Amino acid sequence: MNTSIRNRAVTGTALALAVSAVLTACGGDTSSSDATSKGGGSTPSATPAASVQDPLVATFDGGLYILDGKSLELTRTIDLPGFNRVNPAGDKDHVVVSTDRGFRLLNATRQALTDIEYKGAKPGHVVRHAGKTVLFTDGTGEVNVFAPGDLGTGEKPDGRTYRSAEAHHGVAIELSDGRLLTTLGDEEKRTGALVVDKDGKEIARSENCPGVHGEAAARGEAIALGCEDGVLIYKDGRFTKVDAPDDYGRTGNQAGSDASPVLLGDYKSDPDAELERPTRISLIDTGTAKLRLVELGTSYSFRSLARGPHGEALVLGTDGAIHVIDPDRGTVEKKIPAVGQWQEPLDWQQARPTLFVRGHTAYVSEPGKKAVHAIDLEAGRKRTSVTLPQGTNELSGTVAGH
């Protein structure tokens with residue numbers, strides 16, 4: 001679930017930058033034309049590019065790279081100035097690109113931006129669940145829901161729209177029966193979440209989740225939201241609070257799997273840190289409503305969390321390895337070398353290694369070396385790598401069929 005947007009409070013210069021982006025990673029002007037590139041410079045193209053199977057999309061300063069998911073060959077460069085973000089749209093073809101004017105759909109398979117757009121200031125979280133994709137626009141509080149299978153027509157799909165009472169940095173998810181869970185907050189604070197039925201009528205609410213941020217779904221459609229003092233779970237029609245072991249114990253970014261009732265989360269315990277580089281992760285059992293901490297012996301960032309094909313918890317550490325964790329036992333089963341050692345930068349918009357998992361393959365970016373690697377999770381070794389013209393920031397791709 002993508003997921004994720006910011007995982008810390010910032011001060012000084014970093015705060016000014018974060019306020020300007022309002023923690024949503026907005027990008028620049030998206031009106032420039034597409035361009036193709038093979039290994040470097042870009043040239044305008046008037047004809048559609050060839051289709052790419054299982055494409056990856058990586059952002060860099062000023063545009064997007066599209067890579068072949070198997071060979072990692074750079075097949076196209078799209079000029080798109082500004083700071084852009086990417087998330088899976090939920091089908092085999094599209095990726096959601098967050099720009100300064102809203103969410104825009106990229107047909108990554110056909111290597112072209114589409115005219116499908118959800119305009120609004122400060123586009124935030126993109127969530128996929130139960131065959132629906134949900135977009136939360138922080139600047140307006142608007143929630144848009146659509147079925148990614150409807151994107152193939154090339155037209156903006158029919159969908160559901162919900163308007164939050166106040167604009168805030170939020171997140172929403174639609175459940176399989178049409179209930180919509182969405183966060184509560186305003187520009188000053190975030191307090192919890194509510195659930196509305198198909199007709200928009202409120203049916204549940206909890207305001208026991210200070211600083212609510214991020215979401216993930218576990219087996220049995222248990223939904224978790226991160227809080228500054230634990231985790232809020234919505235399951236079987238009611239909310240349950242799972243307290244952190246510390247007075248301040250923030251789990252702001254999570255990763256879930258349909259194969260496991262246990263969610264993977266980050267964990268921070270210093271409310272005064274300009275940037276806390278935690279070495280513990282949280283495992284939240286949605287069946288027992290208990291939270292367990294696991295010491296990794298290395299730090300990580302908000303772009304380090306993912307789940308494997310069997311429900312295993314994956315964390316890309318600053319030691320350069322993917323830590324494979326058994327979510328039931330809370331033990332690190334193995335470490336897979338991925339990149340060189342790195343350190344999380346102070347500014348969350350700055351590039352750092354990013355983990356994206358699709359099927360049995362983990363894709364890891366290494367911005368300092370301008371590289372992207374494909375790693376076989378079953379074999380525990382690197383399959384192939386590519387060096388790009390520029391170092392990348394975010395990394396994502398299409399997902400259906402994996």
Side-chain angles (χ1 to χ4, degrees), residues 1-3 5 24-36 45 48-60 63-67 69 75-140 142-162 171-174 356 358 393-402:
M1 304 299 171
N2 187 355
T3 186
I5 294 183
T24 56
C26 297
D29 179 15
T30 61
S31 61
S32 60
S33 61
D34 298 353
T36 57
S45 174
S51 294
V52 176
Q53 296 301 311
D54 301 327
L56 300 174
V57 180
T59 69
F60 65 92
L64 309 171
Y65 290 136
I66 298 180
L67 311 177
T75 60
R76 188 169 176 86
T77 297
I78 296 178
D79 292 333
L80 195 61
F83 184 83
N84 303 295
R85 310 205 68 196
V86 286
N87 285 280
D91 68 348
K92 66 181 180 61
D93 296 319
H94 294 84
V95 166
V96 179
V97 183
S98 303
T99 75
D100 69 341
R101 70 186 192 192
F103 298 101
R104 190 169 180 185
L105 273 296
L106 167 72
N107 189 323
T109 300
R110 299 188 66 180
Q111 307 188 76
L113 285 163
T114 73
D115 293 328
I116 302 173
E117 190 171 14
Y118 294 83
K119 294 183 179 181
K122 305 161 192 170
H125 284 265
V126 178
V127 176
R128 295 171 291 111
H129 178 71
K132 295 293 177 64
T133 299
V134 183
L135 313 177
F136 195 104
T137 302
D138 293 352
T140 62
E142 185 174 276
V143 176
N144 284 283
V145 183
F146 63 86
D150 294 339
L151 293 171
T153 64
E155 302 291 331
K156 191 172 184 177
D158 293 333
R160 174 184 189 178
T161 300
Y162 172 85
V171 66
I173 180 171
E174 185 173 285
F356 171 67
R358 185 169 60 192
N393 198 334
E394 294 212 347
L395 179 66
S396 190
T398 58
V399 294
H402 294 273

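Predicted model, so just to flag it, every value in this text is computed and none were measured.
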Query raised in the report: Should Leu56 and Arg358 be marked as a side-chain contact (heavy atoms from CB on, under 4.5 Å) after you check the CA-CA gap, both sets of side-chain angles, and the distance that decides it?
Result: CA-CA 10 Å; Leu56 300 174; Arg358 185 169 60 192; 3.6 Å; yes
Report task. Say whether, by atom type as modelled, one donor and one acceptor occur between the side chain of Arg128 and the main chain of Pro148 under 3.5 angstrom. Result -> no
Query raised in the report: Does some side-chain heavy atom of Phe83 sit less than 4.5 Å from a side-chain heavy atom of Asn393?
Result: yes
Requested in this report: Could you grab the distance from atom CG of Asn107 to atom OG1 of Thr398, nearest 0.5 Å is fine?
Outcome: 9.5 Å
**Report entry** Atom pair CD1 (Ile66) and CD (Gln111), whose distance is rounded to the nearest 0.5 Å
**Finding:** 5.0 Å
Query raised in the report: Roughly how far apart are His94 NE2 and Arg104 CZ, rounded to 0.5 Å?
Result: 12.0 Å
Report task. Could you tell me whether the side chain of Leu64 reaches within less than 4.5 Å of the side chain of Val95, counting heavy atoms only? Result -> no
Report summary line: To the nearest 0.5 Å, atom CZ of Phe136 lies from atom CZ of Phe103 at 9.5 Å
Requested in this report: Flag the pair Asp93 / Leu151 as yes when at least one side-chain heavy-atom distance between them is below 4.5 Å, and no otherwise.
Outcome: no
Query raised in the report: Within the side chain of Thr109, is there an N or O that forms a donor-acceptor pair under 3.5 Å with the backbone of Ser51?
Result: no
Query raised in the report: Quick one: does Asp158's side chain get under 4.5 Å of Asp150's, heavy atoms only?
Result: no
Report summary line: In Asn84, Ile78, Leu106, the residue satisfying side-chain contact (heavy atoms from CB on, under 4.5 Å) with Val57 is Leu106
Report task. First locate atom NE2 of His125, then atom CZ of Arg85, and finally report the distance between them rounded to the nearest 0.5 Å. Result -> 8.0 Å
Query raised in the report: Is Val399 close to Phe356 at the side-chain level, that is, under 4.5 Å between some pair of heavy atoms?
Result: yes
Query - Side-chain heavy atoms of Val96 within contact of Leu105, under 4.5 Å - result: yes
Query raised in the report: Atom CD1 of Ile173 and atom NZ of Lys132: how far apart are they, to the nearest 0.5 Å?
Result: 12.0 Å
Query raised in the report: So, do Leu135 and Ser98 sit near enough that their side-chain heavy atoms are less than 4.5 Å apart?
Result: no
Query raised in the report: Picking from Thr161, Thr137, Thr133, what satisfies side-chain hydrogen bond (donor to acceptor under 3.5 Å, both in side chains) with Asn144?
Result: Thr161
